[in-house]
J.: 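Pasting a structure here, questions to come.
What's counted below: heavy atoms across the whole structure, side chains too, no hydrogens, waters or symmetry copies. We name chains A, B, ... by the order of the sequence lines, and we start the count at 1 in each one.
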Protein chains: 2
Amino acid sequence: MASSIHDLARHLNISIGTVSRALNGRADVNAETRQRVLEAARKLNYSPNQSGRSLRQGATRSIAFMLQPHPGDQQYGEPFFIPFLTGLQARLAEHELDLMVVMGEPGQYQQERLRRVVETRRADAVVLANTRREDDRIDYLSKAGFPFATLGRSQSGGDTYPSLDIDFERAGDEAVDRLVARGHRRIAAIRPSLDLNFGYLFLDGYRKALKRHGIEVDPGLIADGFINETGGYQVTPRVMLSKDRPTAIIFNNDAMALGGCKALAEMGIRPGHDIAVIVIVDTPLCRYFSPTLTAFRPALEPMGRRLAEMLLASLPAHAGPEGPRTIREVWPLELVARESD
Amino acid sequence: MASSIHDLARHLNISIGTVSRALNGRADVNAETRQRVLEAARKLNYSPNQSGRSLRQGATRSIAFMLQPHPGDQQYGEPFFIPFLTGLQARLAEHELDLMVVMGEPGQYQQERLRRVVETRRADAVVLANTRREDDRIDYLSKAGFPFATLGRSQSGGDTYPSLDIDFERAGDEAVDRLVARGHRRIAAIRPSLDLNFGYLFLDGYRKALKRHGIEVDPGLIADGFINETGGYQVTPRVMLSKDRPTAIIFNNDAMALGGCKALAEMGIRPGHDIAVIVIVDTPLCRYFSPTLTAFRPALEPMGRRLAEMLLASLPAHAGPEGPRTIREVWPLELVARESD
DNA sequence: CGTTTTTCCGTAAACGTTTACGAGAACACA
DNA sequence: TGTGTTCTCGTAAACGTTTACGGAAAAACG
């Protein structure tokens with residue numbers, strides 16, 4: 001069914017070498033010949049077989065994205081990633097690169113999946129998300145010399161790979177700023193308990209801002225929980241029952257915020273009235289919850305596009321004339337003020 | 001860096017043919033030899049290069065999923081698809097098949113992307129979503145003889161491909177049933193204006209149920225809109241301003257329901273009090289909206305797994321002993337009763 | 001012991017490309 | 001006309017596998 005370059009060559013009474021050169025825009029082919037080849041290719045509906053190309057060129061022209069649902073993330077996964085993926089894929093597609101999505105089992109670590117992709121050369125590069133503070137995946141890829149980029153920073157692997165992250169530190173800082181400006185002094189912080197790096201960054205910003213305002217950090221107002229609704233539900237009462245009750249809470253995750261608000265409701269505490277709530281990393285849920293939740297929003301789709309660019313710039317095969325570069329960027333979040341604070 | 005089967009053979013003083021047969025579990029290889037090969041493979045960290053395999057075997061061992069954002073679907077795409085994808089990918093991974101995600105530009109039709117995948121043989125089969133009532137993609141794939149399966153039915157292509165769909169007809173029917181049982185007689189239906197097949201199925205069920213209850217179908221209570229929040233916002237007033245105002249609305253899409261509720265709010269009409277609202281196809285938003293929205297929920301993750309099975313069963317290379325089968329299934333939705341009706 | 005069968009392995013072709021190399025023809029130049 | 005250059009194309013190797021085929025050695029059989 002599928003026509004090969006041999007069919008095309010036979011049909012034109014030409015060698016396959018010439019056909020290939022004509023199609024690939026090489027200079028050493030007569031203009032008229034090229035024309036004939038292109039026309040015949042269109043007529044016979046020829047497209048080069050990707051497996052053949054990959055084998056010969058040692059490049060698959062596809063990029064793997066590793067997405068791993070968090071443990072306990074039952075019903076609906078990460079609405080977070082779809083717009084990011086959209087942007088990533090759009091930019092990759094411009095370079096005729098395809099996107100392979102590799103998901104892990106929720107909770108199980110992704111190493112094996114990753115190894116398989118790398119060792120069987122299924123992709124030319126990898127994009128990692130949900131970076132941990134110390135991340136074996138990064139160590140492994142660095143050691144293997146396999147190209148990759150990450151959404152999110154990590155302490156692993158040094159500065160040898162492109163990374164794009166949200167400025168969680170600044171978000172934590174600004175959230176405190178805003179709350180202090182509105183008269184709050186007892187501000188709680190709730191973040192995921194996993195080793196996810198953004199939890200640390202957020203807390204750094206939170207602490208820094210408190211310090212700047214001369215407010216002492218109260219460990220009783222900082223709590224870690226499972227990174228889902230249940231986690232937020234379980235851990236929120238803990239900070240609320242501390243000796244000197246907080247008047248504001250910053251949640252470092254939307255799902256945890258929703259669970260937290262449920263806990264608050266059961267305690268008869270109304271966000272937006274009795275307590276201020278700010279969420280870091282907005283999702284559609286924040287907009288539709290009642291009360292609507294003030295949140296910091298990242299530009300996910302542009303970030304996807306940007307990370308694709310950064311990854312490509314680091315690949316010798318796609319880098320510009322100045323050669324491969326390793327770019328690292330941290331993007332700000334935009335505050336979306338709503339009712340909850 | 002990457003070791004090839006040649007390295008392995010040289011290291012063992014064996015021919016590459018034997019190595020390959022040993023690794024692939026062929027019978028005609030000595031038990032001890034096989035053992036040696038397997039050990040060496042582990043030691044040299046050998047995995048077969050996928051491009052080489054693909055070329056030789058004429059199969060890429062990857063499946064393409066075509067995901068197309070709806071036009072105007074700006075910020076957050078389809079939270080709908082993540083759990084489905086999770087299930088799909090999980091089952092495929094069990095067969096060592098990888099998942100390639102191909103997204104179209106929002107609004108632009110996917111034909112070219114699809115052609116590219118098919119003609120360059122990047123994938124062994126395709127999974128389609130967002131099936132239209134008449135769907136060129138299905139026509140194209142059928143004609144090309146390329147294996148595929150669909151999430152959602154279509155009128156195109158006959159019964160020649162596996163498909164898995166939600167029973168929108170029954171959901172429309174049950175929604176009416178429930179509302180009638182609660183005393184409603186004037187029930188509006190709002191659905192997307194695109195040629196998406198589920199819109200038709202839903203309306204069939206809606207009409208059937210009305211008929212059964214002896215209620216005449218009022219065209220003024222049926223409206224089509226853009227399949228997003230804005231669409232719901234724009235079109236809802238239209239049914240509300242019909243001569244005899246409805247006491248209930250069934251939305252055939254969650255985003256449209258949210259926009260519709262916004263329009264209702266602006267008219268001073270409170271869902272759950274002044275009007276009953278039911279949504280077909282639950283998403284997390286329905287659960288967090290205020291009031292929480294009664295909705296029909298599909299089992300997305302199991303559906304993803306099931307469609308993978310159905311697709312595999314239709315592929316000669318993966319079918320069981322009884323040969324390839326074309327399975328088609330329609331799955332029920334589960335009603336999640338909340339506050340809005 | 002001779003013959004047949006089985007076991008095991010090496011050889012080589014094939015999958016569909018791309019590309020280094022070289023050669024013939026055409027052309028330019030003196 | 002002789003020599004060097006440019007243009008254009010064909011040849012063949014290479015990428016890393018799998019697998020059909022055949023043959024040598026070993027085993028089984030009479």
J.: Is any side-chain N or O of Ser15(A) closer than 4.0 Å to OP1 or OP2 of dC9(D)?
T.: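 For Ser15(A), the contact criterion (side-chain N or O under 4.0 Å from OP1 or OP2 of dC9(D)) is not met.
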J.: Does CD belonging to Glu322(B) count more than 12 external heavy atoms closer than 6.0 Å?
T.: yes
J.: How would you label the contact of Ser4(A) with the nucleic acid (heavy atoms, under 4.0 Å): base, sugar-phosphate, or nothing?
T.: sugar-phosphate
J.: If you count heavy atoms of other groups shown closer than 6.0 angstrom to CZ of Arg325(A), is the number above 12?
T.: no
J.: Rounded to the Å, how far apart are Asn30(B) CG and dT6(C) P?
T.: 18 Å
J.: State whether the number of non-hydrogen atoms from other residues, nucleotides or ligands found under 6.0 Å of His11(B) atom NE2 is greater than 12.
T.: no
J.: Rounded to the nearest 0.5 Å, how far apart are OG of Ser54(B) and CZ of Arg121(B)?
T.: 12.5 Å
J.: Could you give the CD1-to-C1' distance, from Ile14(A) to dT8(D), as a whole number of Å?
T.: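 Result: 11 Å.
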J.: Quickly work out the Leu23(A) CG to dT19(C) P distance and round it to whole Å.
T.: 12 Å
J.: Residues of residues 41-60 of chain A with any non-hydrogen atom less than 4.0 angstrom from an atom of DNA chain D: list those, numerically ordered, please.
T.: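 DNA chain D contact set from residues 41-60 of chain A: Leu55(A), Arg56(A).
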J.: Take the protein atom CD1 of Ile16(B) and the nucleotide atom P of dA14(C), then report the distance between them rounded to whole Å.
T.: 15 Å
J.: Going by side-chain hydrogen bond (donor to acceptor under 3.5 Å, both in side chains), name the residues that satisfy it together with Ser47(B), two or more places apart in sequence or in a different chain.
T.: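 By the side-chain hydrogen bond (donor to acceptor under 3.5 Å, both in side chains) rule, Ser47(B) matches Glu119(A).
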J.: Could you go over nucleotides 21-24 of chain D and give all protein N or O partners under 3.5 Å, atom names and distances?
T.:
none

J.: Rounding to a whole Å, what distance do you find between His6(A):NE2 and dC15(C):P?
T.: 8 Å
J.: Could you state the CG-C1' distance from Leu12(B) to dC8(C), rounded to the nearest angstrom?
T.: 16 Å
J.: Output the rounded distance in Å from CD (Glu32(A)) to C1' (dC7(D)).
T.: 14 Å
J.: Minimum heavy-atom separation for Asn130(B) to Leu196(B), with atom names?
T.: O-CD2, 3.7 Å
J.: Find out whether Gln89(A) and Val101(B) are in side-chain contact, i.e. whether some heavy atom of one side chain is under 4.5 Å from a heavy atom of the other.
T.: no
J.: Between Arg305(A) and Glu301(A), is there a salt bridge with N-O shorter than 4.0 Å?
T.: yes
J.: For Ile5(B) and dA14(C), what is the distance between atoms CD1 and P respectively, to the nearest whole Å?
T.: 19 Å
J.: Quick one: sort the His95(B) and His318(B) rings into parallel, tilted or perpendicular, breaks at 30° and 60°.
T.: perpendicular
